[in-house]
Amino acid sequence: AEKHFARIIYPVQTVEPELLFDDTLKQAVAKTISLVPDTHYIYVKQAEAEESEGNEFVVVTKDFTEYPLSMAGRGFINAFNIILNYSKYPTKLVLIDDIDALAMGPELLRGVLKLITDSGSIVIATATNDWVFNVATEVDKDAVLVNIVSKHKYETMRKE
């Protein structure tokens with residue numbers, strides 16, 4: 001993936017904890033925390049010898065409550081996965097299919113898109129709701145292109 005120009009992100013894509021990219025993980029955690037005020041930290045909990053489930057991500061809140069990432073909201077999980085994927089494999093073009101199905105609220109979506117476009121990438125996304133278009137173009141009208149899919153018709157929207 002390091003040699004490719006574009007990265008395609010689907011709503012079901014997930015990243016499993018890997019111990020091979022500590023710096024990338026730290027960078028992704030810092031970016032995610034900057035977007036979600038209640039999050040204090042995210043870390044990889046290593047499985048104990050008798051456990052068979054393997055390593056897992058654990059979220060720590062500001063009040064130091066810990067819970068597995070799988071127990072977080074879908075939008076938070078998707079945001080973290082996108083940030084972690086993008087941090088590991090930054091590309092010039094990011095294609096996001098069905099961006100509204102990622103279940104991120106407007107603030108979180110705006111933050112994720114801003115992180116991607118601030119790094120110099122262009123985002124092309126498909127959506128079924130026009131609120132996504134409004135949020136996306138608040139980020140950068142030249143770096144985010146939203147294709148609205150409605151009644152099997154595509155309408156490319158750009159803010160003039």
Side-chain angles (χ1 to χ4, degrees), residues 1-46 54-61 68-129 131-149 154 156-159:
E2 296 91 7
K3 297 177 184 176
H4 293 99
F5 178 77
R7 180 133 184 98
I8 301 174
I9 297 174
Y10 297 99
V12 295
Q13 183 175 3
T14 59
V15 177
E16 292 300 318
E18 294 180 33
L19 301 177
L20 303 175
F21 56 96
D22 283 340
D23 290 339
T24 303
L25 180 58
K26 287 176 187 172
Q27 181 183 19
V29 166
K31 288 178 181 177
T32 304
I33 290 170
S34 73
L35 300 178
V36 185
D38 190 44
T39 304
H40 177 69
Y41 200 67
I42 303 168
Y43 71 94
V44 177
K45 180 181 178 185
Q46 295 183 2
N55 300 330
E56 68 176 343
F57 284 114
V58 175
V59 178
V60 183
T61 63
L69 180 65
S70 60
M71 299 295 289
R74 230 176 81 208
F76 179 86
I77 294 169
N78 286 325
F80 180 64
N81 281 327
I82 289 172
I83 293 168
L84 186 54
N85 268 291
Y86 185 78
S87 297
K88 188 171 181 182
Y89 304 114
T91 56
K92 292 292 181 193
L93 180 62
V94 178
L95 310 168
I96 305 177
D97 184 38
D98 202 5
I99 195 169
D100 38 350
L102 294 172
M104 288 186 268
E107 290 299 318
L108 189 55
L109 178 60
R110 187 178 297 110
V112 169
L113 292 174
K114 186 161 177 25
L115 285 173
I116 293 172
T117 57
D118 283 352
S119 297
S121 295
I122 295 172
V123 177
I124 299 176
T126 61
T128 55
N129 294 305
W131 71 266
V132 174
F133 163 75
N134 294 326
V135 169
T137 54
E138 286 174 16
V139 173
D140 186 336
K141 66 179 183 178
D142 295 322
V144 181
L145 178 70
V146 178
N147 293 301
I148 302 294
V149 182
Y154 287 85
T156 301
M157 300 183 76
R158 290 190 73 94
K159 200 167 229 174

Once you round to the nearest 0.5 Å, how far does [atom1] of [X] lie from [atom2] of [Y]?
X: D118; Y: L113; atom1: CG; atom2: CG; answer: 10.5 Å
X: N129; Y: I99; atom1: CG; atom2: CD1; answer: 11.5 Å
X: K31; Y: F80; atom1: NZ; atom2: CZ; answer: 12.0 Å
X: I96; Y: I82; atom1: CD1; atom2: CD1; answer: 5.0 Å
X: I33; Y: I42; atom1: CD1; atom2: CD1; answer: 6.0 Å

Do you see a donor-acceptor pair shorter than 3.5 Å between the side chains of D98 and T126? no
Using atom types as modelled, flag every donor-acceptor pair under 3.5 Å from a side chain in residues 102-110 to any protein atom, sequence neighbours excluded.
from, atom 1, to, atom 2, distance (Å)
E107, OE1, R110, NH1, 3.3
E107, OE2, R110, NH1, 2.7
R110, NE, E138, OE1, 2.7
R110, NH2, E138, OE1, 2.7

[X] and [Y]: which non-hydrogen atoms are nearest, and at how many Å?
X: T117; Y: A143; value: CG2-CB, 3.7 Å
X: K92; Y: G120; value: CD-O, 4.2 Å
X: V58; Y: K45; value: CG2-CB, 3.6 Å
X: A72; Y: I77; value: O-CD1, 3.4 Å

Pick from V29, N78, L35: which one makes a side-chain contact (heavy atoms from CB on, under 4.5 Å) with I83? L35
Steps toward side chain to side chain contact (heavy atoms under 4.5 Å, CB included) verdict (L84, F57): CA-CA 12 Å; L84 186 54; F57 284 114; 3.7 Å; yes
Under 3.5 Å, side chain of S121 to main-chain N/O of T91, donor-acceptor pair present?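 It does hold such a pair.
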With side chain to side chain contact (heavy atoms under 4.5 Å, CB included) as the criterion, how do F76 and V36 come out once you've worked through the C-alpha distance, each side chain's angles and the decisive distance to 0.1 Å? CA-CA 8 Å; F76 179 86; V36 185; 3.6 Å; yes
